[in-house]
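One structure is given here, and the rest of the page talks about it.
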Amino acid sequence: MSNQFPPPPRHPQAGLPGYPGPATDPAYGFGPVQPQKMPGGVRASQIIIWTLSGMCVLGSVLGGVLYGPQTAGAVLGSNFLLIPLCVLAFRYHLPGNGKRVASIVLSSVQILVGFGALGRGGGLGALILAGCSIALVIMLSQGYAGDWFKRARTPDPAQWQGQGYAG
């Protein structure tokens, strides 16, 4: 007989002698959950936002020192949407699709601001701003970015208090 041993039960009960339980046994498809890694496009979006923010601060300081406070204000004024984008980029590691949608909307408006600054003679800085904002919209609109931000939230251990969790 080829079925000398029956197949293991589909969902065996934990606590049997010598059996670690379904939550830790990879043979049953319930192995330990590996931490998810942020996709490269989302990480690149973070880096672009942080780089643009740093360039904005540096350009504002240099413009203020070399050309006066009006130039510093103009640099900050044409990059004002980078402040909320920078705050959102620091929270990209957390799930929640609202951060992605807000980043896409802010980057879309930043494209228009960049083209407006380019039309006023903003030069290379305005071109870099518009180009990087276009790249942000493209990268955050991809399916992998949506999957990253729409992933399941892990429950907070503080929420388990009083719900019968004895861990």
Side-chain angles (χ1 to χ4, degrees), residues 23 26 29-165 167:
F30 295 106
V33 177
Q34 297 296 324
Q36 293 180 345
K37 190 173 180 185
M38 186 183 296
V42 177
R43 176 66 72 186
S45 298
Q46 268 186 327
I47 293 170
I48 287 173
I49 291 170
W50 293 333
T51 304
L52 281 176
S53 299
M55 287 173 47
C56 169
V57 170
L58 183 65
S60 178
V61 169
L62 286 177
V65 168
L66 297 176
Y67 301 107
Q70 187 174 3
T71 303
V75 170
L76 279 178
S78 63
N79 295 304
F80 65 96
L81 294 174
L82 284 175
I83 296 167
L85 269 173
C86 189
V87 171
L88 288 172
F90 278 108
R91 301 189 51 86
Y92 278 4
H93 67 282
L94 300 172
N97 198 36
K99 290 182 286 292
R100 181 180 75 98
V101 172
S103 296
I104 290 172
V105 169
L106 289 171
S107 295
S108 299
V109 174
Q110 191 73 23
I111 292 169
L112 297 175
V113 171
F115 283 144
L118 191 60
R120 288 189 320 266
L124 182 63
L127 186 63
I128 290 172
L129 177 67
C132 288
S133 297
I134 290 170
L136 285 173
V137 169
I138 290 171
M139 285 189 289
L140 291 174
S141 297
Q142 300 294 319
Y144 59 81
D147 294 341
W148 172 254
F149 286 105
K150 293 177 186 175
R151 71 190 189 280
R153 298 172 188 250
T154 55
D156 183 22
Q159 295 174 344
W160 296 339
Q161 301 297 326
Q163 295 183 4
Y165 178 71

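This structure is a prediction, so every number in the text was calculated from the model and none was measured.
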Please list, one pair per line, the donor and acceptor atoms closer than 3.5 Å that link side chains of residues 109-136 to other protein atoms, with sequence neighbours excluded.
{"from": "Q110", "atom 1": "NE2", "to": "S78", "atom 2": "O", "distance (Å)": "3.2"}
{"from": "S133", "atom 1": "OG", "to": "L129", "atom 2": "O", "distance (Å)": "2.8"}

>> Please give me the minimum heavy-atom distance between P39 and Y144, naming the atom from each residue.
In response: CB-CD1, 3.7 Å
>> Using side-chain contact (heavy atoms from CB on, under 4.5 Å), reason through L94 and F149 one step at a time and then give a plain yes or no.
In response: CA-CA 7 Å; L94 300 172; F149 286 105; over 6 Å; no
>> Could you walk me through whether L82 and L106 satisfy the side-chain contact (heavy atoms from CB on, under 4.5 Å) test, starting with their C-alpha distance in whole Å, then the side-chain angles of each, then the deciding distance to 0.1 Å, before giving a yes or no?
In response: CA-CA 8 Å; L82 284 175; L106 289 171; over 6 Å; no
> For the residue pair A44 and M139, what are the closest heavy atoms and their distance?
Replying inline: CB-SD, 3.9 Å
> Looking at W148 and V42, what are the two nearest heavy atoms and their distance?
Replying inline: CD1-CG1, 4.0 Å
> So how far is it from L88 CG to Q46 CD, rounded to the nearest 0.5 Å?
Replying inline: 11.0 Å
Distance-only check: which donor-acceptor pairs under 3.5 Å involve side-chain atoms of residues 48-76, not counting sequence neighbours?
{"from": "T51", "atom 1": "OG1", "to": "I47", "atom 2": "O", "distance (Å)": "2.7"}
{"from": "S53", "atom 1": "OG", "to": "I49", "atom 2": "O", "distance (Å)": "2.9"}
{"from": "S60", "atom 1": "OG", "to": "A72", "atom 2": "O", "distance (Å)": "3.3"}

> Tell me the side-chain hydrogen bond (donor to acceptor under 3.5 Å, both in side chains) pairs involving residues 83-103, sequence neighbours left out?
Replying inline: Y92-S103, N97-R100
> Can you tell me how far the CD1 atom of I138 sits from the OG atom of S107, to the nearest 0.5 Å?
Replying inline: 11.0 Å
